[in-house]
Every structure is written in C-alpha cells, then in structure tokens.
Amino acid sequence: MIKRLRIGLLHGLFTLLIMLLAAPAFAAIDLGQLMDSLARHPGGTARFVEKKFLAVLDKPLVATGEMTYTAPDRLEKRTLTPKLETLILNKDLLTLEREKQKFSINLASQPEALAFVDSIRGTLAGNRAALEKNYALHLAGTEDKWVLTMLPREQKIAAIVLRIVVSGSRGQVRSIEYLQADGDRSLLSIEPIVTP
Amino acid sequence: MKRTTLRALLIWLLAMLAGSVIAWNSRFSADMSFFLPAKPSAEQEVLIEQIKEGAVSRLLMLGIAGGDAVQRATVSRELRGRLAKMPEFVSVQNGEAGSLDNDRDLLLAHRYQLSPSISAERFTEDGLRGAISDSIDLLTSPAGMLLKPFLTRDPTGEMAALLGAFNPASQPASQEGVWASRDGERAMLLVQTRAHGSDTDGQAAAIQAIRSHFAEISRSTGASEVNLLLSGPGHFAVESRELIKEEIFRLSLISSLAIIAVLLFIYRSPRLMLLGMLPVVSGTLAGVVAVGLVHDTVFGITIGFGAALIGESVDYSTYYFMQSGRLGAQAWRERFWPTIRLGVATSVCGFGALLFSGFPGLAQLGLYALAGILTAALATRYILPDLAGPLADRTPSLSQTMIDRAITLLQKLRWPTLILALIASLWLLNQRDNLWHPNLSALSTVSAADSIIDGQLRADLSAPDSRYLVVVTGRDREAALQAAERTGRQLDRLVEAGIIGSYDNPARFLPSQATQAARRAALPAAEILRERLGQAVQDLPLSADKLAPFLQDVAAARQAPDLQRDDLNGSNLALAVDSLMLQRPDSWSVLLPLHPAASADELQIPAEQIRAALVGSDALFIDMKGEFDTLYSDYLDEAIKLSLAGVVGIIVLLAFNLRSPRRLASVLLPLAIATLFVVASLHLSGQRLHLLHLIGLLLIIAVGSNYTLFFNRADGQSALNPETLASMGVANLTTAIGFGTLGLSSVPVLNAIGLTVGPGAVLTLLLAAMFVPRETAG
C-alpha cells in the first residue's frame, strides 16, 4: 500500500523533474553538450498542463499548475486545477500536501527511489554518469527539435515506468511523456514563465 | 547451657526455619511496580494497566546493524520468519512487502462496513456524482495512483478514506524491501511479545529467544558482521533486574567481607565474629519475611537496601560484645540495654511512619528496616548473651586521656560548626525549590547508553508512544465500541480545529454492530443504485458500464454479516484492535491514543482543551507522563510529611524518656546538624534529592540516635567509658562500610542511600562527641 503511494509520488516527481530541464540552446545533437547546458541552468518557474490517458476513463484527465526549480536541490510542483496540491522535493525529503493531508517520505534510505530521483537529478545537474547508471539514453532530432528517450536498465524501475521521452527546442523542454508499465500514459506540456 | 537458653535458642531456630520457608516462597520482582501506587485513582489505574499489560509495554524494537544492506535485509526476513511462528510473539513486523497486502485486502473487502463516509446521502445521485468526481480528481495526483487499480470496484473512493486511518506518514523508511533506520545503516523490526510487560521472566525468555535465533541466523547466512540492537520496556525490566541482582550480590559480598574483617580484627575470635553476625542474619531474614507476608511481592531494591542494613544491625552485637566484657551480661542489660532500646524505639518511630506511605516501595523499605532493626536488637538482647557465654574484656586499648583530648578538640569546634550549620540552613532554605528531583526518572536504572539506543530505535521505527490516551468504558464490547465512536466524533472536532494531530480508534477497524447496521442500511438496492449511478456519471469521463464490479460489491455488502473481531485474524488490523481494547472482569475498555499536532510545542497536547471537549461524557483523558510526574510528586510530598511525622514521633519519644529539654536538645542537635550537612553537601555536589535520599536521612537519625544517646546516657550518671566509645567507633566503622559500599552502586536508588548514610553516620558520631554535655564528658 505504502509502496504504491511512494510509486505514485515518484511518478509525479519524475514528471516534475523532467519538465524543468530547460536549458540554453546548443548547436549539435550531442549528449555531452546537452548535459553541459543542463548543468549551467540555474532553474526557474514554469506553467504546466498535464494530460493523463487512462484506460479506465473515456477522456484524458487534465491538471494545470506551476512548478519551480531552485538549483541545486529544491523542486516544487503546485497543481492548481482540478484540486490544489503541492509536491515538494527538498534535498531527499519528498512531501505531498493535498487538502488536509500531508505525506512525507525520506528518499535517502530507499535505493529504488533514490536511483529514480538520482537519474532525474543527474539530468538536471547534467550528470551523465549518474543517468547512465540507471537508464539507457537516446538523443535524436535536431537542435531545434530534439528528443531524449530514457529507458530504465533496472527491472525495479521498469516496473514503475517503461519509457520517458523528453522533447524540446534548443534549451527549452516542451513536453515530457511517460509510459507506465500498465499502458497508461501521461503527457506534460510546459511553458516557461519569462521573468524580465 | 541452661534450659532457658536452650529454649530461647530453639525458638529462635524454629523462627528462622519458618522465616526461611516464607522467604523461599516469596515472590521477588524488579519491575516498575516498585514505583506504582497501592491505591490508584481511575487515571492511575489506566497507567498501571498500561505499564503492566499494555501493548506498548510488550513492544521490543530490534535493529540489525553492521554488514551490508543485503545481509541485514536477509537476516531481518529470516528472523521475522522464525519469530512469527513462535507462540511467544503476538506480532513480528519488518515492513516486508506483502505483509500489508493482507490488510489492504481486508479493508477492500469490508470497505462498506468500515468507511466512515458511508451514508444514505452518499448513494443519492448527487452524492455519487460528487464522490466519483472526487475520485477521478484524485487520479491526477500521484496519491491517486494507488487507488487506480480499484477505481471500477470503488469509484466512490472508500479506500482513500480508510487509508487515511493508517497514517502512512509515520511508517519507517525501508531498504532492500524491509524497514530500515533513517540513516539506512540498520534494518529494523518491531516485535510484540505475548508476555506482559510486567512478566519479567516472560520478557527475558522472549529476548533470549530473539538473541539466539539471531545468532543462529547470522551464522547460517554467513553474515557474521551483523549485530543486534534491542530495546523496549521489557528489555529495561530484564536489564534492571539483572543489574540489581548482580549489584546486590557484589555489594553485599564486599560489605560483608569488610565487616567480617573488621570484627575479626577487633574480637580476634572467629566464634565471636560468627555470633556477631547472628543478629544480622536474623534481622535480614525478618525483613524479607515481614515484607513478603505483608506485601506479597518483595522488590529487588528492598533486598539491596537490606544488604546495607547489615552495617546497622551488626552494631547491636558490637555494642554487646564490647560493652559487656568488663561488666558481664547482667550489668550490660541493666546499664546499656535501656539506651539501645531507646535507640531502637527511635528507629522504629522513624521507619514506622513510612508504613503509611501509598508508595509501595517506600512502605516496603520502611517495613523492612523496622522489622530488621527490631529483630537484630531483640536477638542481641535475648539470644546472643546466652549463646556467647561469659566474655573476656575485649576493650581495645584506647587511653582515656587520648579520648578526652580528642573530645576537647572537637568541642572547641562547636561554635564554628554551629555557624556553618546556620549558613548551610540559610542556603538550603534559599535553594528549597530546586532541592528535589522533579520526576521519577531519578530512580530509573536505565543506563545512559541504553537510553540513547532506545531513543534511536524509537525514532527509526516511529514506534508508538502512548503518552496521551482517552479511555472509554462499556459493559460489553459493543457498548465500549459505541462509546469509542461517540468519543471519536468529539475528537474529530479537535483534529479539525488543529488541537490534536490525530488519534487511533479500534472502532475504525471494528465498528460497533449498530454502526455497521446503519452503514448497511445506507446502501441502496441494486436496481436503484444502477439507475442513480447511470444519472450520476452522465457528465463524467467514467462510463457506467465499466462500473459493474461496484454494483456487485454493493449488492454483496448489503447481504454481508457484521464484521467480527475474528474476521481480522492474522492482520495488523487485529493487532491494532486488540492492543486498544481491554477486557475487564465486568466491562470493556477502549483506548484512544492521541497524537499531537505537528505544530505543537515539544509534541505536547493541551490537556485542558481535551478535558473541556470531553466534558459530559464518561471518557477519561490521561497524560501518562503527567500522571507519572504527579504520582511522583505526590509520593515525595507524602514521604516528606511522613518523615516529618516520624521525626515528631522521635522527639516526643525522646522528650518523654529524657525528661530534660537540655538533654533532648543535646541528643537532637547532632542529628539535625548531620542531616543538614549531608543534604547541603549532596546539593553542593549537584545531586538532586529524591525519595531514597529521604530514606537515607531517616537512617542517619536511626543510626545516629544510638551514638547521641550513648554520649548522653539516659541515666546521666556515669561518665563515658573507653569500652563504650570503642564500641561506638567499631559500630560506626561497620555502618560506614555497609552503607558506603552501597554508594558504589550504579543503581540510583541504592547509590542515594549509600551516599547519604555512609558519610552521615560518621558525621553524626563526630557531632555527638562534639555536643556531648560537658559534665558527662568527664
């Protein structure tokens, strides 16, 4: 039960993290360069629209809100519709607040979760070695329209998510799609809020 | 030997034999009940019950450290597998996957009996629409992912409501699929023993079983670097009993050997030395027998205290042997015995007051000391002279002039001593508010290292601490559960208002039959539900034809029998229900542990607000720590009052016997000053006084009154002779040895007595010599 909840939280977290991979433009489709650009990214705030395609429902579910990344280790995802919800990753502490309930999980002592989070952190920090430890990375497309596909190497992670596809234009992540093991799918589109 | 002597000896032997039989059959215990009140209030009764039998008192926390994470997890699984099969353990949890699936399946199967959201309104068209769209909204959240698999069976989201009761925020961390400490360095298990917390033997056996299985497992799995950390109330009880046992043995051995050596040196006769121990043995046995007969259980601490009393009871034979040498037994009985008798009466007065204490530990110590001293004195008076026969003059060579010089020197210090005493009393008066230790922890035998481990394991496991409880009672299980549900609604309002964080209620997992019937009645018939559901989901993304499992489940729930306690067998829900419900001879009680709001200062709960909220109901709010502190301060107040009463008794007794205010003053003054100096020096050394220091002070008076009375002979005629002085010197030495050894103890209770009486006895002798009236000083 608890494990499922954690997995649920991790889904959300993953989406959140991938979404924030906004990075400066780079000329060639080269993983090393992408990582360098990502490493230099200081963070910021973005609007998001998340669509979930669930087999059991006739229509996709839509959620919207804002998310903020503060380098190096704080992430916040605030869902505004349909229900207020706040998901925060502060260092290793993952907190979910919804209505009056609040759950906290310390990821430090959970290797599966940590592998998952570290991969995302690796991406944010441009840490290619950390990423490749758990995921096979495939970068394709052009500088203006690139697609980074991540496939879990570990069976334990594959039981949560089959594939993660991040696409963007130059330094800007435009969408993240993740495919769950049960065939349900989630698509997240993001629009950075440009602060003057 | 004369016939009367033979008869006295026979009576004594028979008494000793009977005493041994009684002592042999007495129950000895080293558990917390030493500290528990004899006549508890309703709140205290709950406290006692929790300490002796409560679920928390039966919890043992295990940590597996060392090795690597995989080894620790392997050992944890294997250990759980083995222990869970043993009848000694009610539950063994280590967070293994699958161990909670059973609970989830139970909740799912019985959700329409268990969910607090079930009402007729929820199954109207509007109610269904609201509930289902809430569930769909929840799917957008990560938290909804765990409910997704059940959506078609449970579109109204009853599982979400039920899982809230599980409070997953307080689950321990996990590693390699089993519970781990927060830093990931230990695998963690939580074990509940079948043996009660007060059953120290049962706890010892359970702990032994855990340790030996652990040792076997670490051998067989080759994980030799792993080691086991263990803590919990049972562990403390076992450790404390071991410690007290070990110390009593060690310390009484040391003090007996030292006292025997002193006596051998003085008497230079093994026979006299052995005879000298006769009153000691008699007194010790009499103490155990008296306590065993009156209190049924003899506490380990009482025995330890008895070990120190050796140093006091040996005095009587010392007085006899050393004082009667020149005079013969008959003259001793005439001249010295009245003084000793008065000294004994003084002690009896002091300790007799403690018999009225509501604190069983204190009452036992009082009874033990009283019986022991009285018996030792009587054995000296009636058995010893005849057994010993005529004695040679055993006075060690103390010259009269040396004694006089020493006393004169001491008496020159009278004024400085009085001034010092005045300063000490003013200082203590000024410090009176922080003289005493404010709580019972002063008496705890738990070592600092053990207490640190306990704190770590507790934090790692988020182990339940049941400081705050609400207790409701009913004549049977149903009535108690209904009362718990009523109180639960009052507590819900407190949670809503943020006054408390949450609370546990067994009625969540085992609702009363009345509540179950009401929930069942709220479920509509199949055709009605189908029609309403069709309308309700019209504008929702979930189509009615996918919800057939829901219709089936509701139809089944309408026919389902009441959920019974036995339906929960083998699950954690059963454990929760059982540990929170207590069957009494003619009633049932339900415990509702309260958890503080996250924002609360030091995790406190505002007691007044809870009590105010529960006014008008039979529910009882208990702050366990508060109860404990109140209990202790009540004990302390009572003990101080009783001791003062004892002191008043002593003064009256002495006044009646001495018939002279001047004499009375010179007997009491050294005792008062000695007590004052001992308290002042304890306080100066940073010790906070507790109950056992108070006992120590009473002992100073008991022991010291002999000295002051000898110096201040009731008959007032003879000068203090060298034999008497020497006998006091020896008696003082043996007393200082007996109690001084206790000062070496690491058991705070014993240590306190030792540190108080050892120096106090020596001090009293010196002060008695200093303040001896001049005309009797020779």
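Convention: sequence-line order gives letters A, B, ...; per-chain numbering from 1. What you see below is based on every heavy atom in this structure, not just the backbone, and it leaves out hydrogens, waters and symmetry mates. Just so we're clear, the structure is a prediction, and the values are computed from it rather than from any experiment.
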Working to the nearest 0.5 Å, report the span between CD of A:Glu85 and CG of B:Asp137.
10.5 Å
For B:Ser543, is it the side chain, the backbone, both, or neither that has a heavy atom closer than 4.5 Å to a heavy atom of chain A?
both
At what distance, to the nearest 0.5 angstrom, does CG of B:Leu540 lie from CG of A:Leu57?
9.5 Å
Under 4.5 Å heavy-atom distance to chain A, tell me which part of B:Leu151 shows up: side chain, backbone, both or neither.
side chain
Has B:Arg129 got more than 12 heavy atoms of other residues, nucleotides or ligands less than 6.0 Å from its CZ?
yes
I want to check something: taking the side chain as every heavy atom from C-beta on, are A:Asp58 and B:Leu542 in contact at a cut-off of under 4.5 Å?
no
B:Gln71: what forms a side chain to side chain donor-acceptor pair (under 3.5 Å) with it, not counting sequence neighbours?
none
Quick check: are there more than 12 heavy atoms from other residues, nucleotides or ligands sitting under 6.0 Å from NZ of A:Lys51?
no
The criterion is salt bridge (charged side-chain N to carboxylate O under 4.0 Å, His left out); which residues satisfy it with B:Asp134, sequence neighbours excluded?
A:Lys83
Just checking A:Arg163: does its CZ atom have more than 12 heavy atoms from other residues, nucleotides or ligands closer to it than 6.0 angstrom?
no
Is any side-chain heavy atom of B:Lys148 closer than 4.5 Å to a side-chain heavy atom of A:Leu54?
yes
